[in-house]
Number of protein chains: 2
Amino acid sequence: MGAISQSDIMSTVMSTPDASGADSVSSGATAASRVFDALKQDLICGRFAAGEKLAIGSLKTHYRVGLSPLREALNRLAAYGLLEQVNQRGFRVPALRLDELDDIADLRSQLECKALTQAFQYGDAEWESQLLAAHHRLRRADERPEHVEEWEQAHLRFHRTLLAPCGSPWLLRFIEQLHDQFDRYRRLAPPDPGVREVLDRQHGELVQLAMARRISQARALLDEHIGLSHGVARGACSAP
Amino acid sequence: MGAISQSDIMSTVMSTPDASGADSVSSGATAASRVFDALKQDLICGRFAAGEKLAIGSLKTHYRVGLSPLREALNRLAAYGLLEQVNQRGFRVPALRLDELDDIADLRSQLECKALTQAFQYGDAEWESQLLAAHHRLRRADERPEHVEEWEQAHLRFHRTLLAPCGSPWLLRFIEQLHDQFDRYRRLAPPDPGVREVLDRQHGELVQLAMARRISQARALLDEHIGLSHGVARGACSAP
DNA sequence: TATAATAAAAAAATCGATTTTATGGCAATG
DNA sequence: CATTGCCATAAAATCGATTTTTTTATTATA
């Protein structure tokens, strides 16, 4: 398929120990956390072929770590749902299945709408500022189509900021997880410039609706936003 | 607190490799999977004190495994949310916080009600049989108050069976995760025989409503069921 | 006495080697 | 010709020892 096979991994330069927007634990930077972050990125942006079995030996070479931290990272990723683990036969990149994507998108809509409602309730002036800022960064990133990674990061942060004050850590946790899953599909799908334009516009509209606390309109829009993106992401799947 | 400190772990006899109701991966039985299951159990049933730091050295002794599989299990548990991991300072049992329990219970209600609706839609005759069977096992377990573990297992399986045919793997995954979190609170809280009796009765009523596909009544009941249990579980928390 | 610097101890993380288990090829058998 | 059993190879999992980092204890200094 469109994906790149194992031997071709052009090896992501691993994030520096003290990277700013560091994922979860990676600040203190153990080898395990660094590989976790790097591998997670590479999985989401489709640097491995769907369904591919991971050769631990090559991973060791590519990510420049020993077996123990590498295996710890793989175990975390499997528990997180970005890898499949079968007991005496290692780790495998999950296949891209249409029914699974539909499941993910449906839940995402549901959970994000709930979070949005609560965010509108608890969000204060500080939140509004941060949302404006996040949106501005996103628009700036829009102008540099050559730096995909930066746009992706800005996009992720925008959606995070939008829901951040919802007051429910577990809800945010699940949303993040679903978002990661969703993005793996989306980023492997062929882009659609027309839809992309609409999606970009919706970000701005979401900001406006958030400022005005127009909850029901905002929910409808967020739902449509995810639905549109869902349509694009479907392009990543083959048949079933 | 009510919890038992590390040195007192009376050591769960680890589940045999080919245990029937085996958790996730444990069937093939690697050392890592076995410790994972055993540790998970011990965490949920409150064999560690909340907030306690885990001494990897003692764990190695208690669970009779080497460092590598033990660390892999700990990494999985942290990714799952049953442990907190800080980069150069090991693993810690999460504290029991009232606001977190409320968060968990609220989400649980929401997600389980959604799953229930879908289960009513997709569940077939086979499901009805399994639900009756699961309920029967639960009632039998009710009669043996001395075997707590068996009741707990039957109870978990009942709730799993109830929602199983909902058709959404990710929804089930999150529900399972929340259930595990919830149970850690519930099992550490002082029991309330009065409430317990009501909860037991509700299981039967849920079965009846499921057979008749009375969705709105069933949703209300499930919501109340979780709410009641939530009230009991709150007893596990101290102040905030 | 409080603070800071330092050394010793403990714990976490990592490495390299070993053991165990799966996999693929090939011959023997029905 | 398909199936089974065996061996060689490769991969996964585990162990034991080493390295790195944190924590604790101790002393020196203001």
Side-chain angles (χ1 to χ4, degrees), chain A residues 5-7 9 14-18 22-39 48-49 51-79 83-94, chain B residues 5-7 9 14-18 22-39 48-49 51-79 83-94:
Chain A
S5 90
Q6 187 138 55
S7 45
I9 305 170
M14 288 197 301
S15 56
T16 51
D18 47 15
D23 246 30
S24 51
V25 251
S26 85
S27 310
T30 58
S33 288
R34 277 176 298 147
V35 207
F36 174 82
D37 289 343
L39 256 170
F48 296 95
E52 169 182 357
K53 175 167 177 193
L54 295 185
I56 299 194
S58 350
L59 295 182
K60 234 179 45 163
T61 311
H62 281 299
Y63 295 97
R64 311 278 189 69
V65 277
L67 211 58
S68 315
L70 175 58
R71 285 190 58 89
E72 289 186 14
L74 293 171
N75 273 278
R76 288 187 212 177
L77 286 164
L83 282 179
E84 284 166 1
Q85 181 173 24
V86 181
N87 251 342
Q88 306 278 14
R89 53 199 72 167
F91 299 85
R92 178 173 295 278
V93 181
Chain B
S5 90
Q6 186 140 53
S7 44
I9 305 171
M14 289 198 300
S15 58
T16 51
D18 46 13
D23 247 30
S24 52
V25 249
S26 85
S27 310
T30 59
S33 288
R34 275 175 298 147
V35 207
F36 174 82
D37 289 343
L39 257 169
F48 297 94
E52 168 181 1
K53 175 167 177 196
L54 294 184
I56 300 193
S58 349
L59 295 183
K60 235 181 44 164
T61 311
H62 281 300
Y63 295 97
R64 313 277 188 69
V65 276
L67 211 56
S68 315
L70 175 57
R71 285 190 59 88
E72 288 186 15
L74 292 171
N75 273 278
R76 288 187 212 177
L77 286 164
L83 283 179
E84 284 166 2
Q85 181 172 26
V86 181
N87 251 343
Q88 305 278 19
R89 53 200 70 169
F91 298 85
R92 179 172 293 279
V93 181

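Lettering follows sequence order; numbering is per chain, from 1. Values below: all heavy atoms of this structure, side chains included; hydrogens, waters and symmetry mates excluded.
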Enquirer: Round to the nearest Å and state the distance from B/Leu74 atom CG to C/dA12 atom P.
Expert: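 Atom CG in B/Leu74 sits about 10 Å away from atom P in C/dA12.
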
Enquirer: Starting at CZ of B/Phe91 and ending at P of D/dT22, how long is that distance when rounded to a whole Å?
Expert: 15 Å

Enquirer: Can you name the nearest heavy-atom pair linking B/Arg76 to B/Ser33, along with the distance?
Expert: NH1-OG, 3.3 Å

Enquirer: Find the distance between CD (A/Gln85) and CG (A/Asn75) and round it off to the nearest 0.5 Å.
Expert: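 Between atom CD of A/Gln85 and atom CG of A/Asn75 there are 4.5 Å.
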
Enquirer: Atom NZ of A/Lys53 and atom CZ of A/Phe91: how far apart are they, to the nearest 0.5 Å?
Expert: 11.0 Å

Enquirer: Starting from P on D/dT19, measure out to CD on B/Gln88 and report it in whole angstrom.
Expert: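 Nearest whole value for this atom pair: 17 Å.
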
Enquirer: Would you mind reading off the distance between B/Arg71 atom CZ and C/dA12 atom P, rounded to a whole angstrom?
Expert: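 Going from CZ in B/Arg71 over to P in C/dA12 covers 8 Å.
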
Enquirer: Give the rounded distance in Å between these two atoms: CZ of A/Arg64 and P of C/dT14.
Expert: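 Rounded to whole Å, this separation is 17 Å.
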
Enquirer: Which residue lies toward the 5' end of DNA chain D, B/Gly66 or A/Gly90, if each is placed at its nearest nucleotide?
Expert: A/Gly90

Enquirer: Compare side-chain N and O positions of B/Arg89 against OP1 and OP2 of D/dT21 and report whether any pair is under 4.0 Å apart.
Expert: no

Enquirer: Whole Å only: how far is the CD atom of B/Glu52 from the P atom of C/dA11?
Expert: 13 Å

Enquirer: Within less than 4.0 Å of OP1 or OP2 of C/dA11, is there a side-chain N or O belonging to B/Lys60?
Expert: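 For C/dA11, neither OP1 nor OP2 has a side-chain N or O of B/Lys60 closer than 4.0 Å.
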
Enquirer: Report yes if at least one side-chain N or O of A/Lys53 is closer than 4.0 Å to OP1 or OP2 of C/dA22; otherwise report no.
Expert: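 False: A/Lys53 side-chain N/O out of range (4.0 Å or more) of C/dA22 OP1/OP2.
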
Enquirer: State, yes or no, whether a side-chain contact exists between B/Leu74 and B/Ile56 at a heavy-atom distance under 4.5 Å.
Expert: yes

Enquirer: Measure the distance from CD1 on B/Ile56 to P on D/dT21 and round it to the nearest whole Å.
Expert: 17 Å

Enquirer: Can you identify which nucleotide, out of D/dT14, C/dT21, C/dT14, has its nearest atom closest to the B/Glu72 side chain?
Expert: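 In terms of side-chain proximity for B/Glu72, the closest of D/dT14, C/dT21, C/dT14 is D/dT14.
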
Enquirer: What's the closest nucleotide to the side chain of A/Leu67 if the choices are D/dA12, C/dA17, D/dT22?
Expert: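 The answer is C/dA17, which lies nearest to the side chain.
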
Enquirer: Do A/Phe48 and A/Leu59 come close enough that some side-chain heavy atom pair is under 4.5 Å?
Expert: yes

Enquirer: Between C1' on C/dT20 and CZ on B/Arg34, what's the gap in Å once rounded to a whole number?
Expert: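 Nearest whole value for this atom pair: 12 Å.
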
